[in-house]
Amino acid sequence: MRPVNTKLAPEAIGTYSQAIQCGNTVYLSGQIPLDPATMQLCSEDIKLQITQVLENLSAVCEAAGGSLAQIAKLNVYLTDLRHFPLINEAMSRYFAAPYPARAAIEVSALPRGAQVEMDGIMVLSSK
């Protein structure tokens with residue numbers, strides 16, 4: 001088991017790692033739309049929040065030696081499922097077929113007042 005950390009994504013705001021690698025599987029902790037430089041929400045705009053979350057996930061994937069293209073399972077948490085079409089729109093910019101398996105769940109609240117959070121499981125290519 002190896003922790004994965006990068007300064008290009010927000011530091012953990014609790015007792016967890018940004019990701020943990022076990023063999024060629026990387027378990028990505030939830031990312032909320034914090035700007036890694038300021039540790040503050042990037043914006044109140046949900047579209048910008050979704051983009052920041054995907055940028056944060058991408059940075060952690062790269063720190064583990066992979067990319068968003070290797071995410072096998074993505075979990076999306078929204079405080080309002082009416083924003084679900086915006087998730088599909090953003091994913092079409094960040095992912096290509098075959099798209100990861102995905103769940104989208106409405107929750108009552110997220111840390112720091114975020115409107116979106118995503119976590120996932122990435123599988124690195126065998127070398």
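These values consider heavy atoms only, across backbone and side chains, with no hydrogens, waters or symmetry-generated copies. Predicted model, so just to flag it, every value in this text is computed and none were measured.
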Could you go through the side chain to side chain contact (heavy atoms under 4.5 Å, CB included) check for Ile105 and Val76 one step at a time?
CA-CA 6 Å; Ile105 303 155; Val76 179; over 6 Å; no
Verdict with reasoning, Val107 to Leu78, per side chain to side chain contact (heavy atoms under 4.5 Å, CB included):
CA-CA 6 Å; Val107 296; Leu78 292 163; over 6 Å; no
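Applying the side chain to side chain contact (heavy atoms under 4.5 Å, CB included) rule to Glu62 yields the partners Ser58; only residues at least two apart in sequence or on another chain are considered. In this view, Asp35 satisfies the salt bridge (charged side-chain N to carboxylate O under 4.0 Å, His left out) rule with no residue, not counting sequence neighbours. With sequence neighbours excluded, no residue forms a side-chain hydrogen bond (donor to acceptor under 3.5 Å, both in side chains) with Gln49.
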Going by atom type alone, with no hydrogens or angles, which donor-acceptor pairs under 3.5 Å involve a side-chain atom of residues 89-100 and a protein atom two or more places apart or on another chain?
residue, atom, partner, partner atom, Å
Ser92, OG, Glu89, O, 2.6
Arg93, NH2, Thr51, OG1, 3.4
Tyr94, OH, Glu55, OE2, 2.7

Contacts under 3.5 angstrom, residues 21-29 side chains, donor-acceptor by atom type, not counting sequence neighbours:
residue, atom, partner, partner atom, Å
Gln21, OE1, Arg2, NE, 3.2
Gln21, OE1, Arg2, NH2, 2.7
Gln21, NE2, Gly23, O, 2.9
Asn24, ND2, Leu124, O, 3.2
Ser29, OG, Ser17, O, 2.5

Acceptor/donor pairs from residues 111-118 side chains to any protein atom, 3.5 angstrom cut, sequence neighbours excluded:
residue, atom, partner, partner atom, Å
Arg112, NH1, Met39, O, 3.0
Gln115, NE2, Glu44, O, 2.7

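Here CG of Asp119 is found 8.0 Å from CG of Leu57. Values are rounded to the nearest 0.5 Å.
Legend: salt bridge (charged side-chain N to carboxylate O under 4.0 Å, His left out) pairs involving residues 73-85, not counting sequence neighbours, sorted by first then second residue: Asp80-Arg82. Residue pairs meeting the salt bridge (charged side-chain N to carboxylate O under 4.0 Å, His left out) criterion with at least one partner in residues 94-111, sequence neighbours excluded, are absent.
Distance alone, capped at 3.5 Å, places no donor-acceptor pair between the Asn75 side chain and the Ala104 backbone.
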